[in-house]
There are 2 protein chains.
Amino acid sequence: MATSRTEQRRQTERRILSAARRLFSERGYERTTIRAVATEAAADPGLVMRYFESKEALFSRVARIDMDAEPSIGGSPAEVADTLLASLRDKLAKEPEAALALLRSMLTHPEASREVHAYVSAQQRRMTDALPQDNAALRADLLGAVMLGTLLGRYLIRMETLQDAPPEEIAALLSPCFQALAGGAPGDFHDTAAEDHAPPR
Amino acid sequence: MATSRTEQRRQTERRILSAARRLFSERGYERTTIRAVATEAAADPGLVMRYFESKEALFSRVARIDMDAEPSIGGSPAEVADTLLASLRDKLAKEPEAALALLRSMLTHPEASREVHAYVSAQQRRMTDALPQDNAALRADLLGAVMLGTLLGRYLIRMETLQDAPPEEIAALLSPCFQALAGGAPGDFHDTAAEDHAPPR
DNA sequence: GTCTATAACGAGATAGAC
DNA sequence: GTCTATCTCGTTATAGAC
């Protein structure tokens, strides 16, 4: 019962954020209403506005990419492929709710679109620097596209098998794709957990 | 000038459909308003409703997948990979506006979601039958995911390089991925136009 | 007084009456 | 083929609880 006013407020704020995360990631930006968020959080619509200024602000608070959490990309093409694959496997293992909000909204909401675009551009640039080939930029884009498609298929489209497949199995099947796109040895079926080897061929 | 009433109506209907196709594919379902469609088609919002019953019905009229236009899938794993790759290359070459409407809305609109889901399920089933491996279903899902990601990256995200890359170059880079996922020889860099060869290994 | 809940406003949408 | 009633949205103003 020792819940001070400010403590109470903190909790309400947290409930709202949590509800917003859920709804934005489940329905996307336009189909998520402030009112629904408020109901879900057992709070008042007016409160949501008071705490978070606007729907737009609430969304960008929820859907923010932590660039620093992303792995740095570099090394040989095969290493780049491994790094990306490991990153994908992580995302497949833990279901990143905030990222899903972004993904689901990216096709219809301008800010989400900008954010995703900025993210892939940054990743793309780092990859392009690491991949020595002449068509490195295209390779980098395709790597991003494959990751995007995989995440989408699992969490948003909910493809029947992909939805429940163990991340390791997915990563294993994708490994030669990543290797080929990165320009390493295309047919190199090597264990994705091993990151300590020189590029073959 | 010999435009009868019914002919006039036909033209208006066509203008509305064309406008709807454009707007749905550019903005997605929720951000496309009947008013905007009407304005774009130089018609009255009420007319749009009169001709097409509802926004929902207009959308499903615009975004319908012609299943029969899709290639039949079968043969050896390598042939399946080639067929899919050729299909992807076609889509990369001609920018399918109706499909884009579906894609852009699939993450936020239930019916679009169902339609896409039904489509990938059908494709998935046909692929699964053709791929002999034990984990064929997962492979099929991943093939679908890669195609989805590539289309998304080119048309909707507009990744800088992928956006303007020639379809042949994209297909060439993707070829080993498709081969590996289909379970053919993973490193088999063969010309994608050649569909007359037995599965290696 | 500060924090919360209720009510209302204006914009914009769909859909049905005219 | 046009017009307008009704709904719901995001948001703001107002009244009440601690």
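First the proteins, then the strands, lettered A, B, ... as listed; each starts at 1.
If you take CZ of B:R50 and P of C:dA17, they are 12 Å apart, rounded to a whole angstrom. Rounding to whole angstrom units, CG of residue A:L58 and P of D:dC9 are separated by 16 Å. Atom CD1 of B:I34 is separated from atom P of C:dG16 by 12 Å (rounded to the nearest Å). Computed from coordinates, the B:E30 CD to C:dG12 P distance equals 18 Å when rounded to whole Å. Going from atom CG of B:L47 over to atom P of D:dT2 covers 6 Å, rounded to whole Å. For the pair B:L23 CG and C:dA13 P, the computed distance is 12 Å after rounding to whole Å. At whole-Å resolution of the value, NZ in B:K55 and C1' in C:dT14 are 9 Å apart. Separating the CZ atom of B:F52 from the C1' atom of C:dA15 is a distance of 16 Å, rounded to the nearest angstrom.
Contact between the side-chain N/O atoms of A:R9 and the OP1/OP2 oxygens of C:dC3 is not found at any separation under 4.0 Å. Listed pair A:Y51 / C:dC3 fails the phosphate criterion, with no side-chain N or O lying under 4.0 Å from OP1 or OP2.
Of all non-hydrogen atoms in A:R64 and A:E115, the two that sit nearest each other are CA-OE2, 4.1 Å. Pairing each heavy atom of B:T32 with each of B:K55, the nearest pair is O-NZ, 2.8 Å.
Taking 4.0 Å as the cut-off between side-chain N and carboxylate O, B:K91 and B:E70 count as a salt-bridged pair.
Within the 4.0 angstrom heavy-atom criterion, only backbone atoms of the sugar-phosphate kind lie near A:T32; the bases stay farther away. Within the nucleic acid shown, A:S54 comes within 4.0 Å of sugar-phosphate atoms alone, with no base atom in reach, counting heavy atoms only.
The side chain of B:M49 lies closest to C:dT14, out of C:dT4, D:dT12, C:dT14.
Each of A:R22, A:R35, A:R15 was evaluated against A:E40; a single residue qualifies, A:R22, per the side-chain hydrogen bond (donor to acceptor under 3.5 Å, both in side chains) test.
Judged by distance alone with a 3.5 Å cut-off, no donor-acceptor contact links the side chain of B:R35 to the base of C:dG12.
Between B:Y29 and B:F24, the ring planes are parallel. Angles under 30° get that label, and only those over 60° would be called perpendicular.
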